[in-house]
Amino acid sequence: MELQTVISDIKAALRKEEQAQSKAWQVGSRSITQLRKEGKIVYPIHVQKITYGYGDYPILHFSFPHDLEGRFFANGQPISLFGSDTDATIKGTWIGNQTRSGEAIFYTDDLSAFIEDSEKIGIQLVPDEKSFRMMHGVLQAIEKNELPHLTKQFTQIQGIQIVSVDENHGEKVVFQPKKESYKTLNASQQHAVEAIFECTNLLIVHGPPGTGKTTTLCSAVEELVAKNKKVLIAAPSNAAVDFFATKLLQLDVPFLRLGNSLRVNEEVWKNTPDGLLQQPVIAKQLKKLQIQMQSFRKMAAQYKRNFGPAERTQRQLLRKEAKALQNEIRELSDYHLQQYLENVNVVLGTPVSLQEAWVKDQQFDVFILDEAGQCLAPLAFLGMQKAPVTIMAGDPYQLPPTVIDQEASELGLNISILEKGFENNIPKLLLDTQYRMGEKIAGFSNSYFYANQLKSATDYAGAIIFIDTAGADFTEQKENGSAFNIKEAEFIKNYLEAENIAAQETVILSPYAAQIQVLKTTLTPYKISTIDAFQGQEAATIVISLVRANESGTIGFLKDYRRMNVALTRAKKRLIVIGDSSTIGNDAFYNAFLNYVEENGTYDSVFSYPFTNY
């Protein structure tokens, strides 16, 4: 296949996805109530305070009177602020949220006037135009061969060109570990660190659940930094980036964490642009300019709507002075950050946040892409352009990238760069020992996805339980395209109480957003999460609500076996799955799972519990 043809297909898929996102986020004629129910807007929001972050952009801290469907409003999601009585909007980025409160940064000189002029304000989702623009740009650079190493790696990952046997290693270097963390690794992890250290082109580190992927990568980063190598690290989600940063902190590896991330621990925050600019000497310089700028803004705000030409001219001059001071603040901030960047060997962020203007021309020796199985290939290329060596780490049998357009998926946009690497024989290493799950819990996924290559290092077998709701008339319902099952949620509540399963060690998962809302209403003390949001995490006890129960045997969303692999591999000591065998049993995957539980765990029925009256 020709390079131009492959790039043309990817570009076409990107355009379709961007159009689909634009359509999906359109407010249209739907009511506020409906849009809130769909998770498309947060409205009304109540301003708690306004602070200022890197670049002196305003950060809005707010509360809202309803629960939030978290699958759309993720950290880093583009948004816009809107008012109930104006057509104007202000673009921004969602930083994060807790129960009925959140933060967002907005790209405007002055947020106060917009808030004051609107009776009620809200936040709505918007397409990620910046990311799409960047992805199209890097594809064009590949097509024009502006960065020969990137064009070559693109052709190898896409299967246009084969990776030669000896291409991945230059002149043989004898690896001599410098750091203590290397000694604590198992044999497959040590092998991976050595391979990363010696790699000169492309390498995949395959890390199934619980195998210590990030621990291994951090050890490799330590060894690279000890050799004065510059390392760029990216992951498709801010949560994954912050997890990596936390691991680096434990090893005392200095780093710069880019992107909007208020909801991280204080030590990680100190290594962000906002945190670094709070160092006393720098903060004092910036504070002086900020006080002057706020003074000009305050004076300009005194001029209201009904005033004459002289007052209008005066307001324009005051705003011009404030703007000039804001530019001076940004230039001074960039200067200090560039100084820090020159002296630090490790930079982390999402692929888009790594494209900051003051980082744009910085080159690195090695690019590490964590959670590569969730990364759109064009996003990965944004990081790959900055280093001659790329390490892709992740698991192609867990969650794929999120793509909402069917045609874009058919063109291959939902195939991650990691899957492409597996498909086209990019050199790879398997981390072969898992430390999370009891062997009985790990056994099904180990057999079905990993060809029984995984060893379990836990000292407990764990328990795996399936509770069958067949025949109990637990019929599913639908709302906004998402399934839910009230009777199943009620059974889970009664079961957890009867079995005295502690809330602090238990997480309840479901693939359906509507069921999550039902569970949150039914089981208030327990942590409840979508499977997607819980990837990378673990708990002693995991309960999975499968939801689907219908006469036709339709399982819909459950067909994504990779999502179920994530769910089935979160539990350390006890995995409890609740579902209707008559609905799921005709599917080969679930039939295999049911057979596994019968042979290795406990296969039960809702009818066997005394609190039931079905």
A.B. asks: I need the single residue from Thr216, Thr214, Thr215 that forms a side-chain contact (heavy atoms from CB on, under 4.5 Å) with Cys218. Which is it?
C.D. replies: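 The passing option is Thr214.
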A.B. asks: Are the aromatic rings of Phe82 and Phe114 close, with centres under 6.0 Å apart?
C.D. replies: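 Judged by ring-centre distance (under 6.0 Å), Phe82 and Phe114 do not meet the cut-off.
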A.B. asks: Taking only residues two or more places apart in sequence or in another chain, which ones pass side chain to side chain donor-acceptor pair (under 3.5 Å) with Ser237?
C.D. replies: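 Side chain to side chain donor-acceptor pair (under 3.5 Å) list for Ser237, sorted by chain: empty.
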A.B. asks: Residues two or more places apart in sequence or in another chain: which of them pass salt bridge (charged side-chain N to carboxylate O under 4.0 Å, His left out) with Lys284?
C.D. replies: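 Here no residue qualifies.
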A.B. asks: Report the C-alpha separation of Gln374 and Gln535 in whole Å, then their side-chain angles, then the decisive distance to 0.1 Å, and conclude whether the side chain to side chain donor-acceptor pair (under 3.5 Å) test is met.
C.D. replies: CA-CA 11 Å; Gln374 287 188 274; Gln535 175 157 323; 3.2 Å; yes
A.B. asks: Do you know the tightest heavy-atom contact between Ser416 and Glu419?
C.D. replies: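 In terms of heavy atoms, the two residues are closest at OG-N, 3.0 Å.
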A.B. asks: How long is the span from the CD atom in Gln537 to the CZ atom in Arg570, to the nearest 0.5 Å?
C.D. replies: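 Going from CD on Gln537 over to CZ on Arg570, the span is 8.5 Å.
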A.B. asks: Counting only heavy atoms not in Tyr335, do more than 12 sit closer than 6.0 Å to its OH atom?
C.D. replies: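 12 or below, so no.
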A.B. asks: Count the heavy atoms of every other residue, nucleotide or ligand shown that sit under 6.0 Å from NE2 of His191, and state whether that count exceeds 12.
C.D. replies: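 Not buried by this count: 12 neighbours or fewer within 6.0 Å.
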A.B. asks: For Phe381 versus Gln158, what's the shortest heavy-atom pair and its separation?
C.D. replies: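 Heavy-atom minimum between the residues: CZ-NE2, 4.3 Å.
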A.B. asks: Pairs under 3.5 angstrom only: tabulate donor-acceptor contacts from the side chains of residues 126-143 to other protein residues two or more places apart or in another chain.
C.D. replies:
unit_1 : atom_1 : unit_2 : atom_2 : d
Asp128 : OD1    : Ser131 : N      : 3.3
Asp128 : OD1    : Ser131 : OG     : 3.1
Asp128 : OD2    : Ser131 : OG     : 2.6
Glu129 : OE1    : Lys91  : NZ     : 3.2
Glu143 : OE1    : Lys11  : NZ     : 3.4

A.B. asks: Could you check if a side-chain atom of Leu379 sits within less than 4.5 angstrom of a side-chain atom of Pro236, using non-hydrogen atoms only?
C.D. replies: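 They are not in contact (no side-chain heavy atoms under 4.5 Å apart), so the answer is no.
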A.B. asks: Checking Phe244 now: which residues fulfil ring-ring contact (aromatic ring centres under 6.0 Å, His included) with it, not counting sequence neighbours?
C.D. replies: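 Expected list: none.
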A.B. asks: Tell me every residue that passes ring-ring contact (aromatic ring centres under 6.0 Å, His included) with Tyr561, counting only those two or more places apart in sequence or in another chain.
C.D. replies: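 ring-ring contact (aromatic ring centres under 6.0 Å, His included) check on Tyr561 returns Phe589.
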A.B. asks: Kindly give the heavy-atom pair with the smallest separation between Ser409 and Asn414, and that separation in Å.
C.D. replies: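 Where Ser409 meets Asn414 most closely, the heavy atoms are O-OD1, 3.2 Å.
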A.B. asks: Any idea how Tyr57 and Tyr107 line up, ring-wise: parallel (<30°), tilted (30 to 60°), or perpendicular (>60°)?
C.D. replies: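 If you compare the ring of Tyr57 with that of Tyr107, the planes turn out perpendicular.
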A.B. asks: Taking the six-membered ring for Trp and the full ring for Phe, Tyr or His, determine whether the centres of Phe62 and Trp94 are under 6.0 Å apart.
C.D. replies: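 Between Phe62 and Trp94, the centre distance is under 6.0 Å.
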A.B. asks: With Phe422, which residues qualify under ring-ring contact (aromatic ring centres under 6.0 Å, His included), at least two apart?
C.D. replies: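 Only His206 meet the ring-ring contact (aromatic ring centres under 6.0 Å, His included) criterion with Phe422.
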A.B. asks: What's the shortest heavy-atom distance between Arg563 and Pro511, and which atoms?
C.D. replies: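 Minimum heavy-atom contact is CD-CB, 4.0 Å.
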